[in-house]
Amino acid sequence: MRTVYVNGDYLPENEATVSIFDRGFLFADGIYEVTTVVDGKLIGFDGHIKRLQRSADELKMNIKVDEPEMLEIHRELVKRNNLDQGMIYLQYTRGNPGDRDFAFPPEDTKPTLVMFTQEKKVVGTAVEENGLKVVTLEDLRWGRRDIKTVQLLYPSLAKMEAKARGADDAWMVQDGFVTEGTSNNAYIVKDGTIITRHLSNDILHGITRKSILACAQLLQMKVEERPFTVDEAYAADEAFATSASGFANPIVEIDGKKVGSGKPGEVSAKLRELYIEENMKAAV
Ligand code: PDD
């Protein structure tokens, strides 16, 4: 049984509880981060913690993220759960006002903080070998996708629609242009140039995205940060998706059409390798 963290306490998972009045439960009024663990160490921790503070500020949540304290809790959870490879999930909500009301609770309402570990193989996966199939679907999410909120119902529906169509994931499309995957940033490669949507409120500013683009620069690959169409994606030589737990995962099929050779591409493989090397050096 896992040991999880709730508001200052480490508890067996079956003893951890949150109120039915919690704003996270009633209004999806919560933010989260997922940090990957490799060899018991945290990847990109600093970036995740800074984005957490930004999400809190954008939603006017009364939260001051204490980075050393957060690191301590993350490490304690890794230790108590003997986590070698996997993720740490962290969620903050606006807390429990003791009733349901659309208006925010009083300033002094304590936010709820829960954290737990998830074991998952992240290095040397089958996806790395075989790639993923995606389908394109209309992006029906709200307009502030740069904030990492727990309103994940549409991405979850999109994932299920992808599975119903025999694929692994969905790439979401707005006005004919790909925004991102259900839980990852989207990329294509054409004639040696990596193309990925520019940062705006339309997509999550991925921590992995930032690091992967830095790796592309180290490898002297050409990058264009701009929207790309579904037709460009069909005609791409390669495609991939990045996220904390997937690193750079190759996409081999889009809407039933093979991408390039239909095999995982070289560019994403090189980026993935360098990403792991660089991030393992910097892991904490
Ligand atoms: N998802 N875009 C969306 C919509 C996401 O939910 C995520 C992350 C990303 C990639 O961000 P990062 O590189 O910082 O992980 C992009 C996490 C992993 C999740 O929901 O499980």
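We use all heavy atoms of the structure for the numbers below, so side chains are in, but hydrogens, waters and symmetry mates are not. Counting convention: from 1, in listed order, for ligands and their atoms alike.
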Check ligand 1 for close polar pairs with the protein: N or O on both sides, less than 3.5 Å.
residue	atom	partner	partner atom	Å
ligand 1	1 (N)	Lys148	NZ	3.2
ligand 1	1 (N)	Ser183	O	3.3
ligand 1	2 (N)	Glu180	OE1	2.6
ligand 1	13 (O)	Ile207	N	3.4
ligand 1	13 (O)	Thr208	N	3.0
ligand 1	13 (O)	Thr208	OG1	2.5
ligand 1	14 (O)	Arg51	NH1	2.9
ligand 1	14 (O)	Arg51	NH2	3.0
ligand 1	14 (O)	Ile207	N	2.8
ligand 1	15 (O)	Ala244	N	2.9
ligand 1	20 (O)	Tyr32	OH	2.6

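Taking a cutoff of 4.0 Å between a charged side-chain nitrogen and a carboxylate oxygen, Glu180 and Arg197 do not qualify as a salt bridge. Looking at Lys281 and Glu278, a side-chain N of the basic residue comes within less than 4.0 Å of a carboxylate O on the acidic one, giving a salt bridge.
Side-chain atoms of Asn279 and Ser211 form a donor-acceptor pair, as typed in the model, at a separation below 3.5 Å. In summary, the side chains of Thr136 and Asp255 do present a donor paired with an acceptor at a separation below 3.5 Å, with no hydrogens or angles considered.
Remark: Tyr154 engages no residue in a ring-ring contact (aromatic ring centres under 6.0 Å, His included) (not counting sequence neighbours).
Taking the centre of each ring, Tyr187 and Phe228 stay at or above the 6.0 Å mark.
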